[in-house]
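Inspection log for the structure reproduced underneath, given as structure tokens.
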Amino acid sequence: MLDEAAPRQSFTDKHRKVLLGLLAVAIFLAAWQAVFLVVPFNKLFVSKPDLIWDALVKLIASGDLIRDLAISAVPFVYGFGAAVVVGVALGIVMGWRERVSYALDPIMTIFYASPLVALAPLVIVFFGVGVSGKAIIIFVLSVFPFIFNAQAGVRAVDRLLINVVRSMGGTERDLYLKVIVPSVLPYIVAGARIAVGRGLIGILVGEFFAASEGIGYAIARFGDLFALDRMFACIFAIMVIAVVLTEGIRWAERAAFPWRAGQ
Amino acid sequence: MGGARGVPVAGRTMTDARALETGVAPAADPGAPGRSLWHRLEPTILGTTSIVVLLVVWELLPRLITVSAGTKLFFTTPSQIAGTLWRLFATGSIWTPLGVSASGFALGLSLSIVVGLPLGVLIGRSRTLNAMLDPFITAFNATPRLVFLPLLMLWFGLGLEMKVVIVFIGALFPILINTYEGVRNADKTLINVVRSFGASEWDIARLVVVPNAMPYIVAGLRLAIGRAVLGVVVAEFFGSESGLGVMMVQAAGRYQVDVVFSGLIVFAVLSLAMTAMVQVLESRLTRWRPQRAGEE
């Protein structure tokens, strides 16, 4: 089963990987379901795949799940959107102007090293339990990947290419469209992939703390109600969303910037 | 394909560079030799100045503009924070919560190393195992572990176990995935040589694969530390009886903003110190390594 030679992967090889993965998931679910044939089942403490599936179907059919997700999506969109705009702008300036980066690097490092989630209670107390408080938490958590990656992207722009474009009589516009944007964008997208995960943490933190609706609130409430099947269904929904977002961005990276696929 | 999974390269470099370079900016050498003193010190001076300016403005803010009584409740100044921090340490009231948090952190992180390292080596060496575990690793790595918190509270209660588990889940994946990447990148020739001399799979892991993967593992460890600290904070915010995070939440509820910031600073200093320790460890462990450029 060792693959020292690592020959180029044929189609069947890739297929094999997917099949093995599906098999493992199937085994896991079957084992989970089967274990309660032996172990006494206590639905206040654990759940089973079939019950979770029923709960999920019910939650979707009644529209509760969709409604909770839609409610949580609003602060996410605001916070994440602001993080993109502010983070990319700041990162580009820091990458382009050496002095700015000298001045801001230490502060950013300090902020990034601090567990900023710790400010969440303060933010909630200050801005209330509405959309704005959550959006701010999400913004604070997801802005740093954009700053650092945009900065790294600008630093990585090949000066030679800039000079070539200039020598050939290219305009500023050519410079931006043909050199700078193509080389910075992959970094920003890579940053977005990290930021998505942190943004999701932001939603959950905000809603666990103080909310009356939303997916994080739903999970916490079902937990309090010992409704484990419904809680697992919501957890599963979050997992699916997280995987779709992260892997979706990864797929987009590979499709849009194939020259970076090796990384 | 495996190379693209999990801890992304850009993210890793980001974290690596950030966690350690406090102060001196990386691009300090373009102005190389014959530059003046000012040019050499410029990054440090500018960096320090900006921090000082930030602190001074923050300190003077309530004196320059009149804040309403309501806002004053939420406001604190650096001098107040410093005073509170001093008081917390001087009276010793911080040690108990800090100890509780630290034990959750240490146990969870150790557990994630004990599990993550061997598992990373295994999935790096066996393609079947990798294919089978891949869906789980991808799913759990992408999902914020916070969603499991209510469940873990039900299962493990509000004590140390819950904290250890949440730290463990968070710290496991950076270590696991980085070990895997490092193992995948091991020199095939070296493996073949060792095997030709009759080495077992255990010998290969011990002699070639793990030493080679060390830089990856250490990078993973750094990420894991950050996540572990976050795990402690989050676990204590939502479901714990004691700890630094609990102290902070209670303080926020009482509008003791200075205490919240003090806790934040303690957490930040701890995670910076841990990261610095890992860096020392890394240079110890990789001292035998020849210069990168001279390799091959």
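Proteins come first, then strands; the chains are lettered A, B, ... in the order of their sequence lines, and each starts at number 1.
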Donor-acceptor pair between Arg155(A) and Ser101(A) side chains, under 3.5 angstrom: yes
Using non-hydrogen atoms only, which part of Leu228(A) is less than 4.5 Å away from chain B: side chain, backbone, both, or neither? side chain
Identify the heavy atoms of Phe146(A) and Ile188(A) that sit nearest to each other, and give their distance. CE2-O, 3.9 Å
Could you check whether any side-chain N or O of Glu253(A) sits under 3.5 Å from a backbone N or O of Val189(A), counting only pairs where one atom can act as donor and the other as acceptor? no
Per-residue tally against chain B (heavy atom, under 4.5 Å) across Ala220(A), Ala242(A), Pro115(A), Gly21(A) peaks at Pro115(A)
Can you see whether Asn192(B) engages Thr189(B) through a side-chain donor-acceptor pair at a distance of less than 3.5 angstrom? no
Dump the intermediate steps for ring-ring contact (aromatic ring centres under 6.0 Å, His included) on Tyr180(B) and Phe173(B), then the final yes or no. CA-CA 10 Å; Tyr180(B) 163 84; Phe173(B) 291 100; over 10 Å; no
At a heavy-atom distance under 4.5 Å, which candidate from Ile27(A), Thr246(A), Val117(A), Leu22(A) has the highest pair count against chain B? Val117(A)
Heavy-atom distance under 4.5 Å to chain B: side chain of Met231(A), backbone, both or neither? side chain
Compare all side-chain heavy atoms of Asp187(B) with those of Val208(B) and state whether any distance is below 4.5 angstrom. no
Distance col, row Ile169(B):CD1 vs Leu146(B):CG, nearest 0.5 angstrom, shows 10.5 Å
Residue Phe238(B) versus chain A: region with a heavy atom under 4.5 Å: side chain
Using a cut-off of under 4.5 Å for heavy-atom pairs, which of Phe232(A), Phe28(A), Phe208(A), Phe111(A) has the most such pairs with chain B? Phe208(A)
Is atom CZ of Phe226(A) surrounded by more than 12 heavy atoms (other residues, nucleotides or ligands) closer than 6.0 Å? no
Between Cys234(A), Gly153(A), Gly197(A), Ser114(A), which has the largest tally of heavy atom pairs under 4.5 Å with chain B? Ser114(A)
Engaged part of Thr49(B) at the chain A interface, taking heavy atoms whose separation is under 4.5 Å: neither
Between Arg99(A) and chain B, with a heavy-atom cut-off of 4.5 Å, which part of the residue counts as in contact: side chain, backbone, both or neither? both
Taking the side chain as everything from C-beta on, heavy atoms only, tell me whether Trp58(B) gets closer than 4.5 Å to Ile81(B). yes
So which part of Ala103(A) gets closer than 4.5 Å to some heavy atom of chain B, the side chain, the backbone, both or neither? both
Distance-only side-chain donor-acceptor flag, Glu247(A) / Thr138(B), under 3.5 Å: no
Any residue of residues 245-253 of chain B which, by heavy atoms, sits under 4.5 Å from chain A: Met248(B), Val249(B), Ala252(B)
Which region of Leu149(B), side chain (C-beta onward) or backbone (N, CA, C, O), has a non-hydrogen atom less than 4.5 Å from a non-hydrogen atom of chain A, or is it both or neither? side chain
Specify which of Val229(B), Val260(B), Leu270(B), Thr143(B) makes the most heavy-atom pairs with chain A at under 4.5 Å. Thr143(B)
Which atom names give the shortest non-hydrogen contact between Val121(B) and Ala205(B), and what distance separates them? CG1-CB, 4.2 Å
Please verify the inter-ring angle class for Phe76(A) with Phe80(A); under 30° counts as parallel, over 60° as perpendicular, anything in between as tilted. parallel
